[in-house]
Amino acid sequence: MSVLDKVNSPNDVKKLNNDELNELCSDVRAELISTVSKTGGHLASNLGIVELTVALHKVFSSPTDQIVFDVGHQCYTHKLLTGRKDRFATLRTENGISGFTRPVESEHDIFSSGHSSTSISAAVGLASAKQIKGEKGKVIAIIGDGALTGGLAYEALNNSGNNNSNLIVILNDNNMSISQNVGSMAKNLNTIRTSSKYVTFKSKLQRGLARIPKIGSQISRSFTLINSQIRKRILKSTFFEDLGFRYYGPIDGHDLEALIDVLNVAKAHSHSVFIHINTVKGKGYNPAEKNPTQFHGIGKFDINTGEPKSGGKNFSSVFGETMCSFAAKDARICCVTAAMAEGTGLCEFSKKYPKRFFDVGIAEQHAVTFSSGLAKNGLIPVFAVYSTFLQRSYDQLIHDVAMQNLKVIFAIDRAGFVGEDGESHQGVFDTAFLNSVIGLTVFAPSYYDELEGMFYEGIYKIKGAAAIRYPRGNEKYRPENYQYNHESYNVFGDNTANNCIVTYCREFSECIKAYESLENTFVIKLNRIKPIDRNVLNELKNTKNIFFFEEAIASGGIGEAFGNMLAENNISAFYKHISINDEFVKQASVDSQMKAYKLDCDSIIREVNNAIK
């Protein structure tokens with residue numbers, strides 16, 4: 001039996017000696033690589049945090065001691081050690097375990113997560129509640145240096161250091177978020193890591209201690225515990241100590257014994273503690289260590305080579321090509337991203353136009369207001385962001401863009417279902433909250449050429465801000481001879497038919513396939529979904545039944561707005577809106593999600609036929 005085979009709960013970890021704990025780390029890494037190669041997921045970040053997670057469960061008693069993972073995408077080792085080993089092969093699959101922390105799965109998953117920079121805020125609340133109720137246990141927040149580029153983390157740090165004796169914050173510093181870290185905080189952490197005075201003194205002292213006969217190596221390990229005091233004398237103070245924390249570090253995040261020692265010290269402390277550890281993203285798997293950005297979130301891959309099993313052209317790559325093309329002709333075009341250059345297809349743009357490319361870190365709120373400043377002084381900023389992450393910027397979108405009628409372009413990637421990433425990442429809310437933003441124009445391409453054409457319209461034809469939302473992956477079924485004509489909507493079939501299907505974006509492919517199998521039916525494809533062109537009402541004069549299919553949340557969405565428009569204009573046709581009702585979309589393949597919400601071709605055919613019987 002491997003050591004991992006013997007571990008079925010955190011209590012089993014506590015029984016292991018140091019040699020067995022190191023074996024456990026090796027077993028866990030092998031399991032992570034094997035499973036993620038089949039299911040896809042966040043590999044590099046999980047490989048980097050194996051020793052820390054094992055040390056946490058060796059020292060602390062979950063769930064009495066509450067462990068909160070920032071983002072939660074690096075919780076795979078935690079799941080293996082907390083009773084989910086036998087289900088680990090179902091990671092990120094339909095009805096399987098989530099790729100993020102989910103309290104519905106286990107009492108050891110304290111806080112549901114999926115977005116960045118929330119852990120310290122949640123931990124401060126949890127720790128405060130424990131103190132008020134007189135409950136035992138520490139609260140440990142684990143946050144990456146990338147997440148420290150998000151403003152919420154600093155709001156929480158400012159509110160925590162002097163108030164919570166049961167709070168421990170662990171900074172997992174791998175010098176990366178998804179892409180390379182940017183900004184002053186990354187430089188500050190690097191200063192702590194690399195101060196020549198500190199490193200020289202520390203190195204000499206450790207070598208001297210190690211030479212002491214018999215007890216030298218033991219004393220050298222204990223040096224970790226007094227490391228903070230030595231660093232304080234040389235560097236005076238750290239940002240974290242100024243906020244009221246007791247600071248320990250930097251510490252080798254792959255030295256299991258050093259981690260256990262410092263965690264025991266933190267556990268015994270009667271003050272807020274901040275532990276700074278250095279780790280290697282992708283540790284233990286050569287392809288991931290060499291290319292941690294690619295292996296941050298990856299699909300299925302070949303274990304032997306590290307090569308992904310899928311790839312090629314997709315909406316994100318076409319967006320990147322489009323921006324490069326526009327920027328070559330217009331020096332005002334610039335691109336902004338929030339630590340997602342690779343995910344949004346902007347790597348080539350960043351190389352070709354470095355002075356017009358801005359990665360602001362994991363700070364979507366700042367990205368929007370920063371873009372407003374660029375626009376105010378005559379540039380045309382394009383902010384590339386996943387739909388799920390744009391949610392953080394709602395206030396800035398209204399107050400700093402729309403209210404000032406500024407020319408900011410929003411490139412909204414991963415709109416609609418995103419599949420296995422689950423509830424926190426589904427891009428199904430943007431249509432509803434964008435629909436309420438005054439003066440914003442929203443386009444919804446179904447195909448690559450439409451994406452390019454709609455960006456052109458948004459940049460050069462529309463006054464004020466514009467958003468172009470497009471799905472994850474590649475384009476789907478396209479009817480023969482269809483050409484985008486830059487109209488706000490298109491009609492397919494005879495508009496004197498009794499039944500009309502209305503839709504937009506990726507869902508059009510399913511609807512047009514259904515149309516080809518239905519009788520007495522036509523399709524309206526909305527290209528601009530806000531504002532809806534009121535001329536579309538002229539197409540519905542003879543229609544008896546109208547079906548609106550939408551890959552988005554129902555409340556406040558485009559289908560609801562379309563239905564209101566019908567009622568306001570006294571169109572009395574039967575109207576049915578098929579979309580996502582009040583629920584979060586669980587992890588599954590996109591095809592499965594389409595079927596579950598009756599948005600696939602077969603469901604559309606049944607829906608129309610059942611209504612007209």
Side-chain angles (χ1 to χ4, degrees), residues 49 51-53 55-56 58-61 64-70 119-131 135-145 147-148 153-173 185 188-195 197-199 201-202 205-206 219-253 255-279:
I49 203 173
E51 284 84 4
L52 174 61
T53 310
L56 283 167
K58 173 70 173 178
V59 173
F60 295 100
S61 299
T64 301
D65 294 308
Q66 297 178 310
I67 303 171
V68 182
F69 291 89
D70 205 277
S119 62
I120 303 175
S121 292
V124 173
L126 290 162
S128 297
K130 274 183 172 289
Q131 286 184 329
E135 292 181 350
K136 295 180 180 179
K138 297 286 188 178
V139 180
I140 306 103
I142 303 156
I143 186 167
D145 52 330
L148 277 184
Y154 295 97
E155 295 175 30
L157 285 170
N158 185 55
N159 188 236
S160 60
N162 292 312
N163 301 324
N164 300 99
S165 61
N166 56 350
L167 175 68
I168 300 169
V169 176
I170 300 175
L171 171 60
N172 173 30
D173 183 359
M185 193 61 215
N188 182 281
L189 294 177
N190 195 52
T191 298
I192 295 173
R193 283 192 296 262
T194 61
S195 166
K197 289 183 180 179
Y198 173 47
V199 172
F201 184 83
K202 175 183 170 184
L205 181 60
Q206 282 186 303
I219 294 175
S220 182
R221 281 200 304 271
S222 300
F223 174 72
T224 296
L225 305 182
I226 60 171
N227 193 13
S228 176
Q229 295 302 316
I230 296 169
R231 185 207 43 70
K232 279 177 69 176
R233 290 181 180 275
I234 298 169
L235 297 180
K236 303 301 182 185
S237 182
T238 70
F239 170 80
F240 308 108
E241 286 164 325
D242 290 340
L243 290 173
F245 287 89
R246 297 291 188 267
Y247 175 91
Y248 293 91
I251 294 164
D252 182 352
D255 184 335
L256 198 54
E257 291 182 40
L259 287 171
I260 291 171
D261 286 344
V262 77
L263 290 176
N264 275 316
V265 170
K267 183 179 181 180
H269 233 299
S270 58
H271 200 282
S272 300
V273 175
F274 194 101
I275 302 172
H276 180 182
I277 70 169
N278 291 335
T279 61

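Computation of the quantities below employed the complete heavy-atom set of this structure, encompassing side-chain atoms and omitting hydrogens, waters and symmetry-equivalent molecules. Not measured: the values here are computed from a predicted model.
Ring geometry for Tyr154 against Phe239 counts as perpendicular: the plane angle is over 60°, on a 0 to 90° scale with 30° as the lower cut. Between Phe240 and Phe274, the ring planes are parallel. Angles under 30° get that label, and only those over 60° would be called perpendicular.
A heavy-atom distance below 4.5 Å is found between the side chains of Ile143 and Ile120. Within the 4.5 Å cutoff, side-chain heavy atoms of Leu157 are placed close to those of Leu148.
The two residues Ser160 and Phe245 make their nearest non-hydrogen contact at OG-CZ, 3.2 Å. For Pro250 against Asn278, the heavy-atom pair with the smallest separation is CB-ND2, 3.5 Å. The minimum heavy-atom distance between Asp65 and Gly137, with the atom names listed, is OD1-CA, 3.2 Å. For the pair Ala266 and Val273, the tightest heavy-atom approach, listed with the atom from each and the gap, is CB-CG1, 3.9 Å.
For Asp173 (side chain) and Asp145 (main-chain N/O), no donor-acceptor pair under 3.5 Å exists by modelled atom type. In this structure a side-chain-to-backbone donor-acceptor pair under 3.5 Å is present from Lys138 to Ser165. Judged purely by atom type and a 3.5 angstrom limit, Ser272 uses its side chain to pair as donor or acceptor with the backbone of Asn164.
If you take OG on Ser128 and CG on Asn166, they are separated by 7.5 Å, rounding to the nearest 0.5 Å. The OG1 atom of Thr53 sits 6.0 Å away from atom CD1 of Ile142, with the distance rounded to the nearest 0.5 Å. Rounding to the nearest 0.5 Å places CD1 of Ile140 at 9.0 Å from NZ of Lys267. Atom CD1 of Ile67 sits about 12.0 Å away from atom CG of Leu126, to the nearest 0.5 Å. Distance CG/Asn172 to CZ/Phe69: 10.0 Å, rounded to 0.5 Å.
Here the rule is side-chain contact (heavy atoms from CB on, under 4.5 Å) with Ile277, and of Ile49, Val262, Leu259 only Leu259 fits it. Residue Lys58 forms a side-chain contact (heavy atoms from CB on, under 4.5 Å) with just one option from Leu256, Ile260, Leu263, and that option is Ile260.
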Quick one, Leu56 with Ile170, criterion side-chain contact (heavy atoms from CB on, under 4.5 Å). Give me CA distance, side-chain angles, the key distance, then yes/no. CA-CA 11 Å; Leu56 283 167; Ile170 300 175; 3.9 Å; yes
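Residues Ser121 and Glu155 have side chains that never bring a donor and an acceptor to within less than 3.5 angstrom of each other.
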